[in-house]
Amino acid sequence: QVQLVESGGGSVQTGGSLRLSCVASGYTDKSGCMGWFRQAPGKEREGVGVLARNGGIPTYADPVKGRLTVSQDSTKSALDLGMSNLEPEDTAVYYCAARRFGLICGRDVDSYNYWGQGAQVTVSS
């Protein structure tokens, strides 16, 4: 029922910036969770930053705190990932994800059941 349409990604030098966007449709209310995840080659998918659609504060993985920022628009149907001071270790495929239920929005991959197709982010030194 929920559909995620993702855009953005690209290649930048170390220290550069990118912005990823995700538009969600199919929600009938403003509940649930949305977030950004990433998966590097040969690595497990991991949570980057997530928030509750009803206005909960975002939570972030330690390596991205202060550099990557999750935000949503006033309709609660779009989620952006602002990326600055990028490092080669940030190179990965980035995915938008959502879940319908729950007040507590964690970064565990298995709890999210709607996913975008992914966007490649490459950071070169």
Minimum heavy-atom distance C96-M34, with the two atoms named | SG-CE, 3.9 Å
Cluster question for you: counting only ILVMFWY and a side-chain heavy-atom cut-off of under 4.5 Å, with indirect links fine, are Y60 and V123 together?
-> yes
State, to 0.1 Å, how close T14 and S125 come at their nearest heavy-atom pair, and which atoms those are.
-> OG1-CA, 3.3 Å
Verify same cluster id: Y95, Y112 (apolar side-chain graph, 4.5 Å) | yes
Do V48 and L20 sit in the same hydrophobic cluster, where Ile, Leu, Val, Met, Phe, Trp and Tyr count as joined when their side-chain heavy atoms come under 4.5 Å apart?
-> yes
Looking only at heavy atoms, what is the nearest atom pair of C105 and G32, with distance?
-> SG-O, 4.0 Å
Q3, CD atom: more than 12 neighbouring heavy atoms under 6.0 Å | no
Counting N and O atoms only, with roles assigned by atom type, does the side chain of D80 sit under 3.5 Å from a partner on the main chain of G82, one being a donor and the other an acceptor?
-> no
How long is the span from the CD atom in E46 to the CZ atom in R107, to the nearest 0.5 Å?
-> 8.5 Å
Please tell me if the side chains of W36 and L68 come closer than 4.5 Å, counting only heavy atoms from C-beta onward.
-> no
Give the cluster check for V121 versus W115: same hydrophobic cluster or not, with ILVMFWY residues linked at side-chain heavy-atom distances below 4.5 Å.
-> no
Decide yes or no for S17 and M83: does some side-chain heavy atom of the first lie under 4.5 Å from some side-chain heavy atom of the second?
-> no
Could you check if a side-chain atom of L79 sits within less than 4.5 angstrom of a side-chain atom of V70, using non-hydrogen atoms only?
-> yes
Please round to the nearest 0.5 Å and tell me the distance separating atom CG of L81 and atom CD of E6.
-> 9.5 Å
Closest approach of R45 and V109, non-hydrogen atoms and distance?
-> O-CG2, 3.4 Å
Report whether L51 and L4 are members of the same hydrophobic cluster (ILVMFWY, side-chain heavy atoms less than 4.5 Å apart, transitive linking).
-> yes
If you look at every heavy atom in G8 and A119, which pair is closest and at what distance?
-> O-CB, 3.7 Å
Y94 and R38: side chain donor to acceptor below 3.5 Å | yes
Give a yes or no answer on whether the side chain of R53 reaches the backbone of S31 with a donor-acceptor pair at less than 3.5 Å.
-> yes
Identify the two heavy atoms, one from L86 and one from R67, that lie closest to each other, and give their separation to 0.1 Å.
-> CA-NH1, 3.8 Å
N/O donor-acceptor pair under 3.5 Å between Q39 side chain and V93 backbone | no
